[in-house]
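Just so you know, these numbers use all the heavy atoms, side chains as well, and skip hydrogens, waters and symmetry mates. All ligand and atom numbering here is 1-based and tracks the order in the structure. Here, residue 1 is the first one in the sequence, and each next residue gets the next number.
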Amino acid sequence: MSNDLHAEARAIAASLREVVAELADEGVDALDIPQIETAATAPPSAPEVQTRQQQPVAPTPASPAAPAAPTTETPPSVPRTLDAVREELGDCRRCGLCEGRREIVFGSGNPNADLMFIGEGPGEQEDIQGLPFVGRAGELLTQMIEKGIQIPRDDVYICNIVKCRPPKNRNPLPDEVSACKPFLDGQIDAVKPKVIISLGKPAAGLLLGREVAITRMRGTWHTYRGIPLMPTLHPAFVLRQYTPENRRSVWEDLKAAVEKSRS
Ligand code: URA
């Protein structure tokens, strides 16, 4: 191998190591890579080897932090209006969250908003009032929107991954997320925002279908249903750790989101 090729191979290996380290940091411990068979790698007499992809997947018990599989994303269909999506949701009893809820918290704001904020699920105040982000975290979110990026709260659209309050504000379970996902996707298709801003680790993880390290990946662009997605910190987290750094991070993420929505 020439020196040039050696150097190139070393550079490729180094960047692969970086990618693997980053994925490990985000909790990914294996990748499903389709097996590519060539005449050289798969002689007809080769013994059968079970790859990870071929192994039967044992059902895992639901865990609060586990993100939903990306396959739960409903395909874009003829967009319904927000009212039609709300009507279809009805007096929902599709998952266990209906047992403890007071109000369904569908969403609020401008049905044609450029910016859509998505949190994980209603808290106590939201459950009482039937509106998203109206408790303490909601007050901070409203300030970030109205004082920070100087947009009236009513001009953006705000909703959550799940529409009913999880008991004791725990993270939503995968089956609860799956039951609500068609309605979240319906809201996104109806509003057609220019940018989605997810609030906190569970919301980012659930939209991206994988575990995420929010403090590392906030401020970076992703897409959901073809729409630019900016994950940022949850206002409740910022309230708990009210540091200049956290406030600056959210401010920068929101500024970037507004810029993108106007470009
Ligand atoms: N936290 C959320 O994620 N959503 C709300 O609506 C309120 C608090």
Numbering as shown, the atoms of ligand 1 that approach Gly119 to under 4.0 Å (heavy-atom distance): 3 (O)
query: Which atoms from ligand 1 have a heavy atom of Pro132 less than 4.0 Å away?
result: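 Answer, ordered by atom number: 6 (O).
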Which residue and non-hydrogen atom of the protein lie closest to [atom], and at what distance in Å?
| atom | answer |
| --- | --- |
| atom 1 (N) of ligand 1 | His234 NE2, 3.2 Å |
| atom 2 (C) of ligand 1 | Gly121 O, 3.1 Å |
| atom 4 (N) of ligand 1 | Asn160 OD1, 2.8 Å |
| atom 8 (C) of ligand 1 | Phe133 CE2, 3.8 Å |

query: Taking a hydrophobic cluster as the set of Ile, Leu, Val, Met, Phe, Trp and Tyr residues connected by side-chain heavy atoms closer than 4.5 Å, whether directly or through intermediates, do Ile197 and Val134 fall within one such cluster?
result: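 Per the 4.5 Å side-chain linkage, Ile197 and Val134 are not co-clustered.
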Cluster link Leu254 to Met217, ILVMFWY, side chain under 4.5 Å: yes
Identify whether the distance between the nearest side-chain nitrogen and carboxylate oxygen of [X] and [Y] falls below 4.0 Å.
| X | Y | value |
| --- | --- | --- |
| Arg102 | Glu126 | no |
| Asp189 | Arg80 | no |
| Glu211 | Lys201 | yes |

field: Check: Gly90 main-chain N/O paired with Arg86 side-chain donor or acceptor under 3.5 Å
entry: yes
query: Using a heavy-atom cut-off of under 4.0 Å, does the side chain or the backbone of Glu120 touch ligand 1, or both, or neither?
result: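 Answer for Glu120: both.
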